[in-house]
Each structure stands twice: as structure tokens, then as C-alpha cells.
Amino acid sequence: MFFADLTPYEYGYEMPRTNILNVGWLARGHVFPVGMVSEAFAKALRRLIKSPGNLYRGYHSCEFCPEPPVVVSSNGLRMRGPPGETEGNGEIRVAGPNGIVYVAPVLVAHYVEVHKYRPPEEFIQAVISVDGIASA
């Protein structure tokens, strides 16, 4: 699901609010900024995605990676392999200055590390300085 960076968050059942912004909702067919990020940012982001919120049933797969393998269960059902680094089902919320809250899918860390996505600088700074996940 694609949402342009720094647009009002409107995923799920929440009505858009100007102080809650999208970051990292990438999809095939939409260009995104690339570049290097600091190790401090990558570590902080990795820590934040360990405690996602707004979990959904099922998983969203990275649209830039190959499809996950199909496995056969003990009763013969064919299904995708277990979720890994290329799948996510939640999001993180990070409070920035001036009451802004950034919402990113947990796949944002994968996008940064594997696909070299460079989020907006204000999100990077908020992640580095965050003490916890914002609730909005």
C-alpha cells in the first residue's frame, strides 16, 4: 500500500489528521528517495519495530523482493512460508517536534537496510531522539 511521505495518515479506520504523517509506505511503481543513513538511525529504527502497534491480520510482503517460498503443511495445505524480514503486519509511531507523529510500517527498517530507502530527515531525527513509541 503506497502513501507518499509526509502526507496525512489515513490507513485503517482513522480519519486523516494534519499532525499524523505517513513515512515509508512504499510500493512497486512509485519511486522513493535513496541514500545512506547513520548507524544510530538504523539501530534506533530496528529497536522501534520490535514493538509495533496497529497490528493487522495477515502480512504485507515487500513488493521489491522475490515472493516468499510456498510450503506444504502437515495436512497438505499449500501456503506461503513463515513471515520473515520481508513481511510485516504492523506499524510504528514516532513523536517528532511540534506535535507531529510519524507513522511507518514495520517494513520501513527492511526498506532502509535492503532497498536503501532514505526517509525524510525529520523522521530520521525523530527516530534517533525518541525515548519510546508515541501514542496518538
Side-chain angles (χ1 to χ4, degrees):
M1 175 146 322
F2 174 78
F3 295 107
D5 284 346
L6 305 179
T7 58
Y9 174 82
E10 56 184 85
Y11 191 63
Y13 301 105
E14 198 166 321
M15 293 300 294
R17 293 190 285 181
T18 57
N19 70 317
I20 303 176
L21 305 179
N22 294 304
V23 171
W25 297 88
L26 309 182
R28 189 179 304 130
H30 297 272
V31 296
F32 55 87
V34 294
M36 300 299 294
V37 297
S38 70
E39 184 63 30
F41 169 70
K43 280 184 174 181
L45 187 59
R46 191 48 73 185
R47 186 175 64 250
L48 286 172
I49 67 163
K50 289 181 181 179
S51 301
N54 205 14
L55 299 175
Y56 284 83
R57 294 181 185 184
Y59 289 85
H60 177 79
S61 295
C62 174
E63 296 179 22
F64 309 109
C65 287
E67 287 288 320
V70 173
V71 297
V72 179
S73 69
S74 59
N75 60 355
L77 292 175
R78 295 174 48 85
M79 62 185 101
R80 291 180 14 194
E85 295 285 319
T86 63
E87 295 184 317
N89 71 335
E91 58 192 31
I92 59 170
R93 291 180 176 228
V94 182
N98 303 322
I100 299 294
V101 175
Y102 303 97
V103 183
V106 295
L107 277 176
V108 69
H110 169 79
Y111 297 149
V112 166
E113 294 171 1
V114 176
H115 302 293
K116 305 303 180 209
Y117 164 62
R118 182 171 172 81
E121 187 62 32
E122 59 194 76
F123 175 74
I124 291 172
Q125 294 306 314
V127 167
I128 290 171
S129 64
V130 74
D131 291 326
I133 298 173
S135 59

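The figures here come from the full heavy-atom set of this structure, side chains too, leaving out hydrogens, waters and symmetry mates.
- Each side chain to side chain donor-acceptor pair (under 3.5 Å) pair with one or both residues in residues 37-49, not counting sequence neighbours, appears once here: Arg46-Glu85, Arg46-Glu113.
- The shortest non-hydrogen separation linking Ala126 to Ala95 is CB-O, 3.8 Å.
- Taking all atoms of both residues into account, the shortest heavy-atom contact from Thr86 to Cys65 is CG2-SG, 3.9 Å.
- The hydrophobic cluster containing Val114 does not contain Val112, counting ILVMFWY residues as joined when their side-chain heavy atoms lie under 4.5 angstrom apart, directly or transitively.
- Using a 4.5 Å heavy-atom threshold, the side chains of Met1 and Pro105 count as separate.
- The CD1 atom of Ile128 lies 10.5 Å from the CZ atom of Phe123; values are rounded to the nearest 0.5 Å.
- Taking His30 as the reference, Phe2 meet the ring-ring contact (aromatic ring centres under 6.0 Å, His included) condition, with sequence neighbours excluded.
- Minimum interatomic distance between Val23 and Leu6 (heavy atoms only, all atoms of both residues): CG2-CD2, 4.2 Å.
- No donor-acceptor pair under 3.5 Å is formed between the side chain of Asn19 and the backbone N or O of Ile100.
- Taking every heavy atom of both residues into account, Ile92 and Leu48 meet most closely at CG2-O, 3.5 Å.
- At least one side-chain heavy atom of Pro119 sits under 4.5 Å from a side-chain heavy atom of Phe41.
- Residues that satisfy the side chain to side chain donor-acceptor pair (under 3.5 Å) test with Asn98, not counting sequence neighbours, are absent from this structure.
- Atoms CG and CZ, from Leu26 and Phe64 in turn, are 5.0 Å apart once rounded to the nearest 0.5 Å.
- In this structure, the side chain of Tyr117 engages the main chain of Gly24 through a donor-acceptor pair within 3.5 Å.
- Applying the side chain to side chain donor-acceptor pair (under 3.5 Å) criterion to Tyr111, with sequence neighbours excluded, gives no partner residue.
- Across Ala109 and Ile49, no two heavy atoms sit closer than the pair CB-CD1, 3.6 Å.
- Interatomic distance, CD1 of Ile20 versus OG1 of Thr7, reported as 12.0 Å (0.5 Å rounding).
- When atom types are taken as modelled, the side chain of Glu91 and the backbone of Val103 share no donor-acceptor pair closer than 3.5 angstrom.
- Residues Val106 and Pro52 share a closest heavy-atom pair of CG1-CB, 3.4 Å.
- Val127 and Met36 end up in different hydrophobic clusters when Ile, Leu, Val, Met, Phe, Trp and Tyr side chains are linked at under 4.5 Å.
- Remark: Val34 engages Phe32, Lys116 in a side-chain contact (heavy atoms from CB on, under 4.5 Å) (not counting sequence neighbours).
- The side-chain contact (heavy atoms from CB on, under 4.5 Å) search around Arg118 returns Val37, Glu121, Ile124, not counting sequence neighbours.
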